[in-house]
Amino acid sequence: MLDRTAHPNTRIMLEAWRRMEQAPMLGLSPTTRSGEPTALIRNIFVLREAGPKSWTFRTAGEALADYFGKSVCDEDFMDLWMGADRNLASSVIGAVTAEASPGIIRARGETLLGKILNVEIALAPLPGPINAPRRILGHYQPLGGETLANGPLWRHTISEIRAPQRTVKRPHLRLVSSND
């Protein structure tokens, strides 16, 4: 399964997304089942499709401003990536929206001084009205690495992708026999 080796906060986010799919009125809860507050909400963001291969941050938790040294609202998510990684990130988003299933990107965030922070980015599609821009619920989870006291993250390098689970569609074959 997609989220077995994911960070515990990522698993909580994916479970909340599954619950939202089953009962949309419940939404995301900022607490775990035990009622204890989590860091989950600080790392949540929503992307909105802004054009071909352009996904802007519609909303973002305050932890993302800490990681990037600025508010990322209305910034392009694709600007986090360079070169071939931009195409990989775009492919993951395309797969997430096409399959209506979550995907995970593991990456290394880097500061201008070369400090590295390993991160896990979960992406899950959000339902919306027809003809409205598509949206994606995201969670940005640091996994450890060097401290970011020397500056904000400015680029990311993809180290692993966990693609959305594909639904297997059975062929529509029908066997007909005739004794004529």
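What's counted below: heavy atoms across the whole structure, side chains too, no hydrogens, waters or symmetry copies.
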* Minimum heavy-atom distance A60-C73, with the two atoms named -> N-SG, 3.9 Å

* To do: Start with the C-alpha distance between M13 and N43, add both sets of side-chain angles, then the distance that settles side-chain contact (heavy atoms from CB on, under 4.5 Å), and finish with yes or no.
  => CA-CA 10 Å; M13 184 283 250; N43 294 337; over 6 Å; no

* Is there side-chain contact between E15 and R11, with at least one heavy-atom pair below 4.5 Å? -> no

* At their closest point, which heavy atom of F57 faces which heavy atom of L47, and how far apart are they? -> CD2-CD2, 3.8 Å

* Structure fact -> Output for pair (L88 CG, W81 CH2), nearest 0.5 Å, gives 9.0 Å

* Heavy-atom pair with the smallest gap, counting every atom of T56 and A50 -> CG2-CB, 3.8 Å

* **pair L126-M20: side-chain heavy atoms closer than 4.5 Å** => yes

* Residue pair F77 / I136, side-chain heavy-atom distance below 4.5 Å -> no

* Hey, mind stepping through R48 and D74 against side-chain contact (heavy atoms from CB on, under 4.5 Å) and telling me if it holds? -> CA-CA 9 Å; R48 176 183 50 213; D74 296 323; 3.9 Å; yes

* To do: Would you confirm whether R108, through its side chain, and V119, through its main-chain N or O, come within 3.5 Å as a donor-acceptor pair?
  => no

* Is a side-chain N or O of W17 found less than 3.5 angstrom from the main chain of S101, in a donor-acceptor match? -> no

* To do: Show the numbers, then the answer: is there a side-chain contact (heavy atoms from CB on, under 4.5 Å) between L64 and F45?
  => CA-CA 8 Å; L64 274 78; F45 60 90; 3.9 Å; yes

* Asked: Between L143 and L40, is there a shared hydrophobic cluster once you connect ILVMFWY residues whose side-chain heavy atoms come closer than 4.5 Å?
  -> no

* Report yes or no: does R106 contribute a side-chain atom to a donor-acceptor pair with the main-chain N or O of S159 at less than 3.5 Å? => no

* Carboxylate-amine/guanidinium contact D66 R42, below 4.0 Å -> yes

* To do: Begin from the C-alpha positions of T10 and Q141 and carry the test side-chain hydrogen bond (donor to acceptor under 3.5 Å, both in side chains) through to its verdict.
  => CA-CA 7 Å; T10 301; Q141 179 61 52; 5.1 Å; no

* To do: Step by step, work out the side-chain contact (heavy atoms from CB on, under 4.5 Å) result for T97 and E49.
  => CA-CA 11 Å; T97 57; E49 187 174 30; over 6 Å; no

* Grab the two heavy atoms, one from I104 and one from L14, that are nearest each other, plus how far apart they are. => CD1-CD1, 4.2 Å

* Validation row, ring centre Y140 to ring centre F68 under 6.0 Å -> yes

* In Å, rounded to the nearest 0.5 Å, how long is the span from CG of L153 to NZ of K115? -> 13.0 Å

* Test item: H139 and H7 side chains (from C-beta on) under 4.5 Å apart, heavy atoms -> no

* Structure fact -> Nearest heavy-atom approach of L123 to V92 is CD1-CG1, 4.2 Å

* Asked: About how many Å separate CG of D85 and CG of L80, when rounded to the nearest 0.5 Å?
  -> 11.0 Å

* Could you check if a side-chain atom of H156 sits within less than 4.5 angstrom of a side-chain atom of I105, using non-hydrogen atoms only? => no

* To do: Over all heavy atoms of both residues, which pair between S90 and K53 is shortest? Give the atoms and the distance, please.
  => OG-CG, 3.7 Å

